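All of these numbers come straight from a predicted model, not from anything done at the bench. Note on naming: letters A, B, ... go to the chains in the order of the sequence lines (proteins, then strands), and numbering restarts at 1 for each one.
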2 protein chains.
Amino acid sequence: MPRTADPDVRRRLVERAAQMLAAREPVTLRSLVEGTGASTMAVYTHFGGMPGLWRAVRQEGFTRLHTRLAAVPRTADPVHDVAALGVAYAANALASPALYRAMFDAVAELEDPAGADRGLAVLVGAVARAREEGRLAADADPIGVATRSWLAGHGLLSLVVQGVLPADVVPGHSVETTVALLTAAGDDPAACRASVARAWRAGVPDPGTDGPRGAGGPGL
Amino acid sequence: MPRTADPDVRRRLVERAAQMLAAREPVTLRSLVEGTGASTMAVYTHFGGMPGLWRAVRQEGFTRLHTRLAAVPRTADPVHDVAALGVAYAANALASPALYRAMFDAVAELEDPAGADRGLAVLVGAVARAREEGRLAADADPIGVATRSWLAGHGLLSLVVQGVLPADVVPGHSVETTVALLTAAGDDPAACRASVARAWRAGVPDPGTDGPRGAGGPGL
DNA sequence: AAGCATTGCATAGCAATGCCATGTAACGTA
DNA sequence: TACGTTACATGGCATTGCTATGCAATGCTT
């Protein structure tokens, strides 16, 4: 094989795209490579085109999300841990809203679809542990409960990220929905609320440097 | 005033955009006016540009949604009616997935933001009635419960519409989440499940002529 | 070590997109 | 009927993503 491909170029371009996304700058083929020294053809050799670049960016977003979820510590209270994953999910989305939007803009197209499932798997594991430790009913469905939590969280955050809802409603709705879902799965209502509320009190997501904008900016 | 503005042109363009959206055709300035006899300037006269056209299309989507929700009949069982609104919401989204995507693509920008709230108001009214008729706790929060139902439904449908989740999981997740939220609001678990399940059994959304596609097509 | 095939990528140009400056014609008002 | 205002058709512009072409760098082969 000739001229070994420089793997750094690929990473740098994805990184730069994510930065431009966070900076609300329009991510175009030419503006992306500008300043990197690379030419527009680099995007085609490494990604096959702009859709390929977006695919890579989305993948990067899901990788970061998984990293963040996997870093949530396991405590003695499994229900608290389930809620803590919700906090981490929200924090990740609010830290870079534009990336979150891009992730789900064409989420069906990913380089590694299984990579996106890994985040959900973390949540499923936490719910399963709650059941195993007796907090949920023996016939509770961890995948179903985790999926519904994820769906509700996504619905909430996708609207917050677009500026339809303010960020400060996230904890409230999240607590209520999580409590409702886990109580329906068998947890004691009072104990559940205490566990969930504690998780959200501990780590309210920081809006970050990249707050939601009022309208569709020039970027994606 | 000279040369009276033809209000039909506006409607026809919005209508055509919605049709092209449903047909998975790329909606571009030139392809939109092609065949209508109008020229590209018509879009600027009536909408000020493509963003304005999308704004009008989104508004049209929310108007249709409201129409559909308002048409849901009121029965003797208010909890059933709340669930029936969820069925109607899902049916509306699945009937024209591309329009649903467009609606929430920049939902913060609407011609009449209050128009989008009218749909939610219908749901809030149904929840409030459930509380007034004693199905929910006296201190239940209709706006909160309705909003969380809407958020969960939106999270689910936005992913279904993008082809991440198959349409056949909609009833299952919808029933479970609705039961969880309404039970948490005070309804009796068994009665709640019966009411909600009946609504979804009666009117399972038809995928329509416009099923979700596997990947980002040429259209929006 | 030399030659060569293969690959990375810089250049330049193409089609299509949204947008707008200009001109023209239609309509209401006087 | 004359006029001023408005709708809109035409043509051209900048920008977008994309690709045909050529060159140079690299590793395999002998």
Chemist: How about B:R64 and B:L99: do any of their side-chain heavy atoms sit closer than 4.5 Å?
Modeler: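 Touching, per the 4.5 Å side-chain cut-off.
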
Chemist: Of the nucleotides D:dT10, D:dG17, C:dT11, which has the atom closest to the A:T40 side chain?
Modeler: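 Out of D:dT10, D:dG17, C:dT11, the nucleotide with an atom closest to A:T40's side chain is C:dT11.
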
Chemist: Hey, which of these two, A:G48 or A:S31, hits DNA chain D nearer its 5' end, going by closest nucleotide?
Modeler: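 Nearest-nucleotide comparison on DNA chain D picks A:S31.
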
Chemist: Are A:V79 and A:T178 side-chain neighbours, meaning at least one heavy-atom pair lies under 4.5 Å?
Modeler: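 A side-chain contact is absent here, since even the closest heavy-atom pair is not under 4.5 Å.
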
Chemist: It should be established whether A:T45 places a side-chain nitrogen or oxygen under 4.0 Å from OP1 or OP2 of nucleotide C:dC9.
Modeler: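 For A:T45, the contact criterion (side-chain N or O under 4.0 Å from OP1 or OP2 of C:dC9) is met.
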
Chemist: What nucleic acid atoms does A:M50 come within less than 4.0 Å of, heavy atoms only: base, sugar-phosphate, or nothing?
Modeler: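 The answer is sugar-phosphate, as A:M50 gets under 4.0 Å only of primed atoms, P, OP1 or OP2.
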
Chemist: Can you measure A:L32 atom CG to D:dT15 atom P for me and round it to whole angstrom units?
Modeler: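 Checked: the CG to P distance equals 18 Å.
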
Chemist: From C:dA10, D:dC8, C:dC19, pick the nucleotide closest to the side chain of B:H46?
Modeler: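 Shortest atom-to-atom distance from the side chain points to D:dC8.
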
Chemist: Is A:R55 salt-bridged to A:E111, cutoff N-O under 4.0 Å?
Modeler: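 Salt bridge absent between A:R55 and A:E111.
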
Chemist: Over how many whole Å does the gap from B:L29 atom CG to C:dA15 atom P extend?
Modeler: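 Taking atom P of C:dA15 as the reference, CG of B:L29 is at 19 Å.
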
Chemist: Parallel, tilted or perpendicular, judged at 30° and 60°: which one describes the rings of A:F62 and A:F104?
Modeler: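 Ring orientation of A:F62 relative to A:F104: perpendicular.
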
Chemist: Between C:dC9, C:dC19, D:dT10, spot the one nearest the side chain of B:M41, thanks.
Modeler: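 Within the option list, the nearest is D:dT10.
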
Chemist: In whole angstrom, what separates A:F47's CZ from D:dT19's P?
Modeler: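 In whole Å, D:dT19 P and A:F47 CZ are 16 Å from each other.
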
Chemist: Starting from C1' on D:dC8, measure out to CG on B:L13 and report it in whole angstrom.
Modeler: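 Rounded to the whole Å, the gap is 12 Å.
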
Chemist: Between atom CD in B:E34 and atom P in D:dT10, what is the gap in whole Å?
Modeler: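 Rounded to the whole Å, the gap is 13 Å.
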
Chemist: Counting only side-chain heavy atoms from C-beta out, which of C:dG18, D:dC18, C:dC20 sits nearest to A:R30?
Modeler: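 Taking heavy atoms from C-beta onward, the closest nucleotide is D:dC18.
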
Chemist: Nearest whole Å is fine: how far is C:dA21 P from B:Y44 OH?
Modeler: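 It works out to 11 Å between those atoms.
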
Chemist: Under a 4.5 Å cut-off applied to non-hydrogen side-chain atoms, are B:D112 and B:R118 in contact?
Modeler: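 B:D112 reaches B:R118 side chain to side chain.
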
Chemist: Which part of the nucleic acid, if any, lies within reach of A:T28 when heavy atoms closer than 4.0 Å are counted: base, sugar-phosphate only, or nothing?
Modeler: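 Sugar-phosphate, backbone atoms only, no base.
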
Chemist: Nearest-Å distance, CD (A:E25) to P (D:dT16)?
Modeler: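 One finds 13 Å between P of D:dT16 and CD of A:E25, rounded.
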
